[in-house]
Amino acid sequence: MDIDSAKINKSKIKKSAHKIQGNDLIAEYYNQLYEETGFAEKRAEAVKGCLKWWDIDYYRLQKVKDILRVNLCRDKFCPNCQNLISKRRYLKYKPELDKLLNEFSLWHVVFTVPNCTAISLIGTIKTMYAKFVYVVQYLQGKRKVKGLDFMRYNFKGAIRSLEITIKAKNKNEYEFHPHFHCIFVLKKGFREERKYINDYSFDGRKKSRYFTDFEILLQKSWYLFYNGEKLTKQRFDDLEQGYSVIADRVNGNYKEIFKYAVKGLYDPRTGSFEYPYEVFKALYPVLHRRKVIQGYGILNKFKFDESDEEEFDGLYTEIITELKKIEEPFFQAIRLQDLLKEFDEREEIQYISRNSLHKNMLEN
């Protein structure tokens, strides 16, 4: 019985406990949102209770505790849940993307638009989502424009992931920077000369990069799509520059695609939420029920939700069967604070779970 493959990393549980320290403030924000709007009635309770209770089967003679269930809130503002979900996505889909490297080139492409205010944030995001479809359709050849060749890149598919960063303009005013991190699947060996300079070539006063024909094509067409203009060869040529779009080759690192949507919300030292209620209130309607990550083309078949552990159920069942040959487990419902205390005081106990088996097998 390979019980080690299902062991839980205790230090990671402690890190998760640290991450939810700011959840009480998020719960307060949800309560305030409900009082003002009537939305999200039960979210405060769920966020506040995240990770607090653990259902466990305890095999006392063998000193093994099998964690059956943890009450996770899965809220888009919970740093622990979003970290967990993003890691599971990455572990599940990295092998699939690695396979594509045998036949295609994979590129990390970032689409940006100008920063916006809290009032205009939801409209900005809606426009970005609607207009990104045009980028895909032109690359697929479903839409065409005379004089511009989108098809020469042999585009096969993409993953599009939303990220929003926040910048404080002054004490009570914030700007939002929404952008898409994408993986593009293009023809094998694709490479172009970097030869163009524009405003996006500079990092401060320092020139940081030249752009390729592919990047310029995306920059100008993205600008026209987003602003509701018709894409023609004449308008494309007349446009001095578009919006920032950068493309870099991917060499097996896809973490930017699978991380959670809002960056820098929490102080990593304290776990506290970094921004006032007004920022939370602006972000809530943007993220609520929104599909943050989406596949297109050959990647449309993937469901970028939490990892599916079914393929490892046989191994997990084998471990549990062996444990039950010796004894039946005793059920416990343990509070997080008691579990953490037990980690320190009872080092002889081994903790296992189906989720850990899944994660450990994928990482090895």
Side-chain angles (χ1 to χ4, degrees), residues 26 29-30 32-33 36-37 39-40 75-77 79 82 86 108-136 158-182 198-204 208 211 215-231 235 239-247 256-267 273-294 296:
I26 297 299
Y29 286 170
Y30 267 120
Q32 187 172 346
L33 181 70
E36 292 180 5
T37 67
F39 295 132
D75 193 89
K76 285 189 170 79
F77 290 95
Q82 290 307 307
S86 66
H108 178 205
V109 186
V110 183
F111 290 80
T112 67
V113 296
N115 291 357
C116 61
T117 64
I119 294 174
S120 60
L121 179 61
I122 191 166
T124 298
I125 299 294
K126 285 182 177 179
T127 302
M128 290 175 67
Y129 270 59
K131 301 305 181 178
F132 183 78
V133 176
Y134 284 65
V135 176
V136 173
I159 305 171
R160 184 229 68 225
S161 178
L162 172 67
E163 182 180 26
I164 305 169
T165 53
I166 305 162
K167 179 181 178 182
K169 293 185 67 176
N170 54 52
K171 187 175 181 180
N172 297 310
E173 189 177 359
Y174 297 86
E175 278 189 342
F176 297 84
H177 177 56
H179 51 284
F180 289 144
H181 285 279
C182 307
N198 58 30
D199 289 348
Y200 310 118
S201 300
F202 298 87
D203 181 7
S208 59
F211 292 111
E215 288 171 308
I216 296 299
L217 177 67
L218 294 178
Q219 287 179 6
K220 291 188 176 183
S221 59
W222 176 236
Y223 173 93
L224 295 171
F225 297 152
Y226 180 84
N227 288 287
E229 294 191 46
K230 185 177 180 179
L231 174 61
R235 183 68 182 100
L239 188 62
E240 185 176 343
Q241 66 180 29
Y243 287 150
S244 175
V245 179
I246 61 173
E256 288 289 338
I257 299 298
F258 295 109
K259 64 186 181 181
Y260 36 92
V262 185
K263 187 176 182 179
L265 285 182
Y266 300 90
D267 184 333
F273 194 77
E274 288 279 82
Y275 296 99
Y277 170 72
E278 287 71 24
V279 170
F280 169 85
K281 187 178 179 181
L283 291 171
Y284 173 77
V286 170
L287 299 177
H288 180 59
R289 293 185 177 177
R290 186 173 299 281
K291 202 167 190 177
V292 171
I293 185 167
Q294 173 69 49
Y296 299 86

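Predicted, not measured: the structure shown is a model, and the values here were computed from it. In what follows, every heavy atom counts, from backbone to side chain, and hydrogens, waters and symmetry copies are set aside. Along the sequence shown, residues carry numbers from 1.
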What distance do [X] atom [atom1] and [Y] atom [atom2] have between them, rounded to the nearest 0.5 Å?
X      : Y      : atom1 : atom2 : answer
Leu162 : Gln294 : CG    : CD    : 12.5 Å
Phe258 : Ser86  : CZ    : OG    : 10.0 Å
Ile293 : Glu163 : CD1   : CD    : 12.0 Å
Tyr243 : Tyr226 : OH    : OH    : 6.5 Å
Phe280 : Leu287 : CZ    : CG    : 9.5 Å

Give a yes or no answer on whether the side chain of [X] reaches the backbone of [Y] with a donor-acceptor pair at less than 3.5 Å.
X      : Y      : result
Ser161 : Ile257 : yes
Gln241 : Asp199 : yes
Gln219 : Val245 : yes
Ser244 : Thr112 : no
Glu215 : Ala247 : yes

Shortest non-hydrogen contact from [X] to [Y]?
X      : Y      : result
Ala261 : Val292 : CB-CG1, 3.8 Å
Tyr223 : Gly242 : CB-CA, 3.6 Å
Tyr275 : Tyr174 : CD2-CE2, 3.5 Å
Glu175 : Asn115 : OE1-ND2, 3.1 Å

With a 4.5 Å limit on heavy-atom distance, are the side chains of [X] and [Y] in contact?
X      : Y      : answer
Leu239 : Glu229 : no
Phe111 : Leu218 : yes
Lys281 : Tyr29  : no
Pro276 : Val279 : yes
Ile166 : Glu274 : no
Leu265 : Leu283 : yes

Should the ring pair His179 and His181 be called parallel, tilted or perpendicular, given that the plane angle runs from 0 to 90° and is split at 30 and 60? perpendicular

Return the orientation label for the Trp222 and Phe180 ring planes: parallel under 30°, perpendicular over 60°, tilted otherwise.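 Rings of Trp222 and Phe180: tilted, as their planes differ by 30° to 60°.
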
Audit row: Val136, Arg160, side-chain contact (heavy atoms from CB on, under 4.5 Å) steps and yes/no: CA-CA 10 Å; Val136 173; Arg160 184 229 68 225; over 6 Å; no

Would you say Glu240 has more than 12 foreign heavy atoms packed within less than 6.0 Å of its CD?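 No, the 6.0 Å shell around CD holds no more than 12 heavy atoms from other groups.
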
Within the supplied structure, the quantity of interest is the number of heavy atoms (other residues, nucleotides, ligands) at a distance under 6.0 Å from Tyr277 OH; does it exceed 12? yes

Per-pair distances, 0.1 Å, donor-acceptor, side chain in residues 123-135, under 3.5 Å, sequence neighbours excluded:
{"unit_1": "Thr124", "atom_1": "OG1", "unit_2": "Ser120", "atom_2": "O", "d": "2.9"}
{"unit_1": "Thr127", "atom_1": "OG1", "unit_2": "Gly123", "atom_2": "O", "d": "3.0"}
{"unit_1": "Tyr129", "atom_1": "OH", "unit_2": "Lys291", "atom_2": "O", "d": "3.0"}

